[in-house]
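Structure first, commentary second.
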Amino acid sequence: TVEVSGVPYFDQKGVRKLVVVFHDITEMKRSEEGLKDFVANASHQLRTPLTSIKGYTETLIDNPPAKLEDARGFLDTVLKSADHMDKVISSMLALAKSEQMGKSLELAPLSGRVQLSRAVGDLIPWAEERSITFSMHTPEDEMMVMGETDGLLHVFHNLLNNAVKYSPVGGVITVSAEDDGESIVFSVEDQGPGISREHSTKVFERFYRVDENTIDGSGSAGLGLAICRRIVKNFGGEIWHDGYGEGTRGARFCFRLNKPEESVVTNI
Ligand code: ADP
């Protein structure tokens, strides 16, 4: 897209001339469009639960139940909607933070093993409620990678969280890591419904959800994988979905992070 502006002037001989300036505003337009989309999506994500909070609260005001107990169903829905909004806002802030941090992030060598163990440990209680187990296939060493602690933990949490969310009762989540010389490739695989090829790259876009209709207090806004992608990119790595190999039943997310150079002193 080009924006044209012109300034008329008279040269030394008194001849009227025109300076024409062409501005290439493609990039600006694109980021404006991106912002518009973001605001529209964010408003939609927040407005839906807000409408339900308003509706239920108005109903309770107009028809106060005799006993508080009779209002429990409505109040539960109000609380769920408020929880959903809370989580959506946290996700938006996490995304904004990861986008902002990309510009100034100082990468350091850190242990993939420590962050992975922390994340799995955090999810075990929730997984156990549905008899879901983790099967770990990782090398013996620390799996040192270049990154930043909170970000790496965030990526593991998000992927494992989704794996638990979509796993069937009694399912097994396979967590693997492989050293390919220059980088470490981590993967999280579940036995849930999986993701069809049609959606496999789109799920990393902001606000993209395969099933759009779930507003259930889980805070599912389609931002989790967008945040993962941003963080992994900030670390100089890449993330992808690859759930179509032989023997793969559900979703399988992989990401690759660079290993520190040999000479870098490691601190775990
Ligand atoms: P959300 O914050 O809504 O969970 P994500 O960005 O983490 O969003 O995921 C985007 C969409 O990708 C989800 O709404 C879901 O449709 C799909 N998805 C993510 N992980 C899995 C998985 N392990 N199995 C099946 N579908 C998944």
Side-chain angles (χ1 to χ4, degrees), residues 34 37-38 40-49 80-99 116 119-120 122-124 126-127 129-135 151-176 186-234 238-245 247-255:
D37 278 358
F38 185 84
N41 277 316
S43 311
H44 172 71
Q45 286 294 333
L46 294 174
R47 182 157 287 150
T48 311
K80 246 187 197 168
S81 301
D83 269 350
H84 180 83
M85 292 178 76
D86 194 8
K87 287 179 186 153
V88 171
I89 291 169
S90 301
S91 296
M92 285 195 229
L93 291 175
L95 181 65
K97 188 175 153 206
S98 63
E99 289 184 347
L116 180 57
V120 171
D122 290 343
L123 283 169
I124 283 177
W126 183 36
E129 281 175 22
R130 294 177 43 234
S131 310
I132 293 164
T133 48
F134 293 95
S135 164
L152 181 56
L153 188 62
H154 201 115
V155 175
F156 281 135
H157 267 152
N158 263 338
L159 297 182
L160 292 167
N161 198 67
N162 280 349
V164 175
K165 187 157 80 181
Y166 292 99
S167 280
V169 171
V172 178
I173 296 170
T174 308
V175 180
S176 322
F186 298 95
S187 72
V188 176
E189 180 178 334
D190 61 53
Q191 298 175 325
I195 296 172
S196 68
R197 280 184 197 275
E198 175 200 350
H199 298 289
S200 78
T201 48
K202 292 188 188 147
V203 288
F204 292 99
E205 289 169 15
R206 294 161 170 177
F207 296 109
Y208 193 87
R209 287 182 304 154
V210 176
D211 177 7
E212 297 225 342
N213 301 319
T214 43
I215 287 199
D216 51 6
S218 70
S220 180
L223 287 176
L225 291 172
I227 296 169
C228 290
R229 181 172 65 173
R230 187 70 251 175
I231 293 173
V232 170
K233 267 196 182 164
N234 287 348
E238 54 174 338
I239 185 167
W240 67 97
H241 175 258
D242 168 26
Y244 315 106
T248 309
R249 273 173 55 185
R252 179 165 185 261
F253 284 94
C254 308
F255 68 101

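One-based numbering, in listed order, for ligands and for the atoms of each. Along the sequence shown, the residues carry numbers beginning at 1.
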Where H84 and Q45 come nearest, the two heavy atoms and their spacing
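Looking at all heavy atoms of both residues, the closest pair is NE2-OE1, 3.9 Å.
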
Indicate the atoms forming the closest heavy-atom contact of Y244 with S200, along with that distance.
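In this case the closest contact between Y244 and S200 is OH-CB, 3.1 Å.
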
Work out whether the distance between some heavy atom of [X] and some atom of ligand 1 is less than 4.0 Å.
X: N158; answer: no
X: G222; answer: yes
X: F204; answer: no

Does the [X] side chain pair with the main chain of [Y], one donor and one acceptor, at a distance under 3.5 Å?
X: N41; Y: D37; value: yes
X: H241; Y: C254; value: no
X: R206; Y: L95; value: no
X: N158; Y: G224; value: yes
X: Q191; Y: V172; value: yes
X: R230; Y: A94; value: no
X: N234; Y: S98; value: yes

I'd like to check whether [X] has a polar contact with ligand 1, where a contact means an N/O of the residue lying under 3.5 Å from an N/O of the ligand.
X: A226; result: no
X: G224; result: yes
X: R209; result: no
X: V210; result: yes
X: I195; result: no

For ligand 1, which atoms have a heavy atom of [X] less than 4.0 angstrom away?
X: A251; value: 22 (C), 23 (N), 24 (N)
X: Y208; value: 10 (C), 11 (C)
X: K165; value: 4 (O)
X: G194; value: 25 (C)
X: L223; value: 2 (O), 6 (O), 8 (O)

Heavy-atom contacts under 4.0 Å between D190 and ligand 1: side chain, backbone, both, or neither?
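Contact part for D190 vs ligand 1: side chain (C-beta onward).
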
Using a 4.0 Å heavy-atom cut-off, which part of A221 comes near ligand 1: side chain, backbone, both, or neither?
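Backbone only.
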
Once the angle between the rings of H199 and Y208 is folded into 0 to 90°, is it parallel (under 30°), tilted (30 to 60°) or perpendicular (over 60°)?
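The arrangement is tilted - the two ring planes meet at 30° to 60°.
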
For atom 6 (O) of ligand 1, tell me which residue out of L225, V164, I227 has the closest non-hydrogen atom.
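Considering heavy atoms of L225, V164, I227, the nearest to atom 6 (O) of ligand 1 sits in L225.
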
